Amino acid sequence: MHRFKQFSTLFLACVFCAITVAQTDSTAVSFSNPIDSTTDSVEQIVAIQIPDSKESTRIKISEELNFALYLITNEQYDNASYLLNDLSQLKDDVSQIQADSIHYLSGWLKYFSQDFYGAIDDFSKIESNEKIGTPAKFYESICYVHSNEYDAAKTILQALKCDTASLEEEFRNFQLASIALLERDYNGYDSIIANYSYKFFQFSSEQKGMELYYNDLVSYKRKSPLIAGFLSALFPGLGKLYAGYRGMPFGTMYLTLPLAAVAIEVALIAGILSPPFLVFGSLFGIFYIGNIWGSAVSVYAIEKELYAEIDHNILFDMHIPLRRIFWQ
Amino acid sequence: MICIFPFAGFSGNKSPEFFKADSLQSAGQLELASLEYERICYGTFDNYVRTQALNEKAKCLLLSNKADAAEANMLRVNYFGLSDSLVFESRYRTAYCSYLAKDFEQAVSQCFMIDQFLPIDYQMQSAVLHALALNETREWDKAKLKLSAWAEYSIHNELKRDSVLSEIDAMYDPKQYPKFKDPNRANSLSTFVPGLGQLYSGYIFDAAFTTILMATGLGVAAVGIFVVKYYVTGIVLGYGIYQRFYMAGIKRSEYLANKRTYLSLRKFNDPLIETLTRLSSIE
């Protein structure tokens, strides 16, 4: 019986050695637990006895990247960020493609948390020109767009190598055309959209939407600040009505007209040189002149508001297909 | 609050994949532990294991003072095919996280699910938390019924039980229930009689101040019209003062009604939290 036990132990030891050798070959080695080092799990024994080879580490990192992708897909962004930050520390053990993947996911997370410079930093570190390189360049360029660095965004897109008549080429043109609109370079926009084929459903609706923004921008004529000021001088609030505001003119009238009435009454009763008229007349004068100035400036303000709204829509329409194409 | 209901004795048997995450949690590395629990969710097809991992992750998030994230995490639990004990643990923890995240409707809803689908033992274990959540949703009568049922069921010593029941009766005396102020009513009152909305909310000085300002506006107009004979000036200045403070008074009366409601609720509920916490330790 004792001899049988010895044989059994020897046999189990041999089986264990065979498993560990097989695991080394298939590189399915787990990391050891840094905290619970006293637990005698098979995983830990394997991890302790056999040092990780570079290849096994890379397989492990690939698994970690899949896990990071799962975290992002399930909106566990804090966990994903923590994991990717950890992975980015493993500089020597990762392959180039893995390093690129880490930077890509990390950049993507930063882009969605609107840390555009952090995202640019990550996307710019991607060296691969394969599957991951193209989306990374698109994301990097849109980060520059959000940071109002249009030249850098255009440089990245123009340096991108795309097949003729491919989705990437059409999408690059779409992005370049959108940037041209943001820069109010209407000639540049016209020359780019001449090459549109509108055959890619992923962003054809945005292409058409961009043309509406273009029409809005081109057809918009800024009102004259001189006319606005003149109208306000004629009748308080009329200048703002001319500029395009609808509620504000009545507020202006509501404030200025009673002051005018008071000033007139005081002038009629107490005289033009009387102290009450000097007070109320000055008060009315300040509001009256301020209103004229405000009407002239409101022409620029309303233009700025319109441009801000259109720019916001352009940026939104640039972002949506980016996600639709590269993040499914 | 985290220390009040620590879930002692809830967790069942765990598979070996929890060793690493559990040890990280014990070592206080909560972020890493949370990640490892999420890894367990990622790596398993077993809903039982996934639910356990989500529960443990919620613990880590609670310990990191992220009650909102813990609640969102617990709402990911799929209750299909789980044992009663794990369903209870998950529902109870969800209710607890929701309570801490001040999502009281969700907490009540989770406790209601326990009442509907789990045996009486579990219903009684969640009764105190249920009552606390009901207090916050101002359903004191339901909270009282819940606590009375809990005392009848859980406290075996007759003397203690009677004492607890009488304490519950005293706490939930309908005459002591806070009377809430309706902001819409305050608004209407202030619209018709300036200052009345503030008075309705119980802020006498605020009401007096508003009334004085209104009277000042009317006074300026009266002086302008009847005394100095500056008709337009009197009307414009008087109306200007009156109108400004009139609109501001309406807004303020709404704010004060909400403030009074909040203060009344806290004044009534805060002592209840302390008492219920003490009662929950009685067996």
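Here the structure is a predicted model, which is why all the values come from computation and not from measurement.
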- Message: Just checking B:Y79: does its OH atom have more than 12 heavy atoms from other residues, nucleotides or ligands closer to it than 6.0 angstrom?
- Response: yes

- Just wondering, are more than 12 heavy atoms of other shown residues or ligands nearer than 6.0 Å to CZ in A:F316? no

- Around B:Y255, counting heavy atoms of other residues, nucleotides and ligands shown, do more than 12 lie under 6.0 Å from its OH? no

- Where along residues 271-292 of chain A does a heavy atom come under 4.5 Å of chain B, listed by residue number? A:F280

- Is it true that atom CZ of B:R185 has more than 12 heavy atoms of other residues, nucleotides or ligands lying nearer than 6.0 Å? no

- Message: Quick check on B:F245: does its CZ atom have over 12 non-hydrogen neighbours (other residues, nucleotides or ligands) under 6.0 Å away?
- Response: no

- Nearest-0.5 Å distance that lies between atom CD in A:Q76 and atom CG in B:N73: 6.5 Å

- For B:Y246, does the OH atom have more than 12 heavy-atom neighbours from other residues, nucleotides or ligands under 6.0 Å away? yes

- Task: Taking the side chain as every heavy atom from C-beta outward, state whether A:V262 and B:Y230 have any pair of such atoms under 4.5 Å apart.
- Result: no

- Taking the inter-plane angle between the rings of B:Y42 and A:F67 on a 0 to 90° scale, is it parallel (under 30°), tilted (30 to 60°) or perpendicular (over 60°)? tilted

- Note on the structure: Whatever's closer than 4.5 Å to a heavy atom in chain A on B:Q243 counts as side chain

- Message: Quick check on A:L268 against chain B: is it the side chain, the backbone, both or neither that has a heavy atom closer than 4.5 Å?
- Response: neither

- Task: Please check if atom CG in A:D78 has more than 12 non-hydrogen atoms from other residues, nucleotides or ligands closer than 6.0 Å.
- Result: no

- With a 4.5 angstrom heavy-atom cut-off, could you sort out which part of B:Y231 is near chain A: side chain, backbone, both or neither? both

- Give, as side chain, backbone, both or neither, the part of B:L237 having an atom under 4.5 angstrom from any heavy atom of chain A. side chain

- Lys/Arg-Asp/Glu bridge criterion (N-O < 4.0 Å) met for A:E265, B:K229: no

- Message: Is any side-chain heavy atom of A:L83 closer than 4.5 Å to one of B:E38?
- Response: no

- Query: Which residue pairs pass the side-chain hydrogen bond (donor to acceptor under 3.5 Å, both in side chains) test with at least one member in residues 109-123 of chain A, sequence neighbours excluded?
  - Reply: A:H103-A:D122, A:S106-A:D122, A:K110-A:D122, A:Y111-A:H319, A:Y117-A:E149, A:D121-A:K125

- Message: If I measure from the heavy atoms of chain B, does A:A263 come under 4.5 Å with its side chain, its backbone, both, or neither?
- Response: neither

- Item | Heavy atoms of other groups near B:F112 CZ, more than 12 under 6.0 Å | no

